[in-house]
Amino acid sequence: MALQTVQFILDHPLSRRNKPKAFRRFLSWQIRSRLTNQPVVYSFVDQSRLLVRRGMTGATGNVYAGLHEFEDMAFVLHALRPDDWFVDVGANIGSYTVLAAAAVGSNCVALEPVPAAYAHLLDNMSLNGVSDRVEPLNIGLGDKNTTLHFSADQDTMNHVVAPSETSENSVEVQVKRLDEVLQGRTPTVIKIDVEGWETNVVAGAESVLSQVEPLAVLMEFGLGERYGFDDQDLYEKMLNLGFEAVSYSPFDRQILRFSAGEVARSQPETCVRGNILFVNQIDYFRERVAAAPTYRALDIDI
C-alpha cells in the first residue's frame, strides 16, 4: 500500500511538480495520523480546508497531491461560478462539495447516504463556513422512491448492497429520484460516484439531464455489473440525451472531443474503472474554463 501511495504521488500531475512539498505532506500525515486519533485539518485549494481522519483514502489523496482526482476536480473549479448549482451525488466527506462551495462559492446539493460519511461531510461544511451555500441530504438516489441497504464500512467504496452480496455492516437508507430532489433547480455540473449504481441514478434524473441549459456530468463507470447493468448502455444513454464524452486538460484549459480511439477506450467495455466527463454544450464550457480564475493547490496555480 505504501509503495502504491508513493507511486501515486510520483505520477500525479500536481505532486510531481512539487515533489518536496508532496512528500512532506505525506510524511506529516503518516506521523500525525499514528500519533493521534484526532482529525487533522489540511489546506486544500486556496483558503478551503479539509478535516481528514485516518482511513479516509480519498481525502488522504487530497492531502498528498493537492487534488486527488486532478482533471475532474480542476474541471469543477474551472467550470463553476458563484451563482451556479453543483450537485454532488455520493459526496462522501465532501471533497468536491468543498471545492465548489468554499473555493468557487457555488451553491451545492450534497447527497451522501452513509451516516458516518454524512457526519464528516457536515464537519467539512462547518469547517469551511459554507452551510449557507450547501444543502446536505443523508439519502441515496435511484430510479424510484424507496429504501435500500448500503454498506457502511468501506470508506469511499460504500454502495447499495447487491442481491448477491452479504454485508455485516449495512444501513437502511431512504432513496429518492434526483428530479424530485432538485425541485426545479438547474445545475451546471453534476458529479455521480455511486459505485455501480449510476444507471439507476440516471434513470431517476432524466428531466434534469434533458435540460436545455448548459450541463456537465462527471460520472464513474466500470462497476455496473455488480447490479446486472451494462455500462455500455449507460454510456450510450448519455449520448442519446445529447451529451458528448470529452477530456479536460487543466493546465492549458482545453476541453477536447474524444477521437474514435479514445471513445473506444473510454467506453465501459474496455474501461476497468474511471470517470467520464460529459457535456451537452461543449463551446459554452470551453469559454467557461478559459475565463475561469486561477486557483492554487499544493502551491501550484491551476
Side-chain angles (χ1 to χ4, degrees), residues 55-59 85-97 108-125 134-185 187 189-210 217-235 237-238 241 268 272-276 278:
M56 292 180 172
T57 55
W85 279 96
F86 171 67
V87 180
D88 193 353
V89 182
N92 196 251
I93 70 161
S95 297
Y96 276 87
T97 293
C108 302
V109 178
L111 303 105
E112 172 50 48
V114 178
Y118 180 76
H120 300 325
L121 165 66
L122 297 182
D123 288 342
N124 277 309
M125 288 170 51
V134 181
E135 179 183 349
L137 296 171
N138 186 200
I139 63 173
L141 290 183
D143 59 340
K144 58 187 175 183
N145 295 342
T146 185
T147 59
L148 293 170
H149 283 89
F150 285 73
S151 63
D153 55 2
Q154 299 183 35
D155 190 37
T156 58
M157 298 178 68
N158 282 319
H159 57 274
V160 174
V161 178
S164 60
E165 289 183 295
T166 58
S167 178
E168 296 181 359
N169 187 4
S170 65
V171 291
E172 188 175 34
V173 177
Q174 183 182 20
V175 173
K176 293 185 176 182
R177 298 169 61 251
L178 183 59
D179 283 340
E180 178 181 316
V181 169
L182 291 184
Q183 298 179 335
R185 286 172 290 192
V189 180
I190 302 174
K191 186 217 83 179
I192 306 174
D193 184 351
V194 289
E195 303 299 310
W197 194 248
E198 286 81 9
T199 292
N200 274 343
V201 172
V202 167
E206 291 199 2
S207 177
V208 67
L209 294 176
S210 299
V217 180
L218 275 165
M219 184 155 50
E220 185 181 38
F221 280 78
L223 295 173
E225 187 178 358
R226 170 185 280 153
Y227 307 103
F229 299 138
D230 184 346
D231 280 359
Q232 180 65 32
D233 291 341
L234 177 59
Y235 183 92
K237 182 169 186 175
M238 292 299 294
L241 285 167
V272 175
R273 183 187 175 111
N275 295 339
I276 298 178
F278 297 91

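Nothing fancy with the numbering, it's 1 onward along the sequence. Every heavy atom of this structure was used, including side-chain atoms; hydrogens, water molecules and symmetry mates were not. Bear in mind the structure is a predicted one, so any value in this text is a computation, not a measurement.
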- What residues, two or more places apart in sequence or in another chain, satisfy salt bridge (Lys or Arg N to Asp or Glu O under 4.0 Å) together with Glu206? Lys237

- Can you say whether the rings of Phe86 and Tyr96 are parallel (under 30°), tilted (30 to 60°) or perpendicular (over 60°)? parallel

- Item | side-chain hydrogen bond (donor to acceptor under 3.5 Å, both in side chains) partners of Asn124, counting only residues at least two apart | none

- Name all residues meeting the ring pair (Phe, Tyr, Trp, His ring centres under 6.0 Å) criterion together with Phe229; count only those two or more places apart in sequence or in a different chain, and write none if there are none. none

- Task: Indicate the atoms forming the closest heavy-atom contact of Glu112 with Asn92, along with that distance.
- Result: OE1-N, 2.7 Å

- Please list, chain by chain and in numerical order, all residues satisfying side chain to side chain contact (heavy atoms under 4.5 Å, CB included) with Glu135, sequence neighbours excluded. Val109, Leu137, Arg185

- Under 3.5 Å, side chain of Asp193 to main-chain N/O of Glu220, donor-acceptor pair present? no

- Message: Please give me the minimum heavy-atom distance between Ala91 and Ala110, naming the atom from each residue.
- Response: CB-CB, 4.1 Å

- Nearest-0.5 Å distance, CG of residue Asp88 to CG of residue Leu111: 8.0 Å

- Correct closest heavy-atom pair for Asn138 and Val173 would be O-CG1, 4.2 Å

- Considering residues at least two apart in sequence or located in another chain, which fulfil the side chain to side chain contact (heavy atoms under 4.5 Å, CB included) criterion with Asp179? Arg177, Ala205, Ser207, Val208

- Task: Answer yes or no: are there more than 12 heavy-atom neighbours, outside Glu180 itself, under 6.0 Å from its atom CD?
- Result: yes

- Side-chain donor or acceptor of Tyr227 paired with backbone N/O of Val160 under 3.5 Å: yes

- Query: Counting only N and O atoms by type, is there a donor-acceptor contact under 3.5 Å from the side chain of Arg226 to the main-chain atoms of Ala162?
  - Reply: no

- Query: How long is the span from the CH2 atom in Trp85 to the SG atom in Cys108, to the nearest 0.5 Å?
  - Reply: 8.0 Å

- Summary of salt bridge (charged side-chain N to carboxylate O under 4.0 Å, His left out) pairs that have at least one residue in residues 137-152, sequence neighbours excluded: none

- Would you name the heavy atoms of Trp197 and Leu141 that are closest together and state the gap between them? NE1-O, 2.8 Å

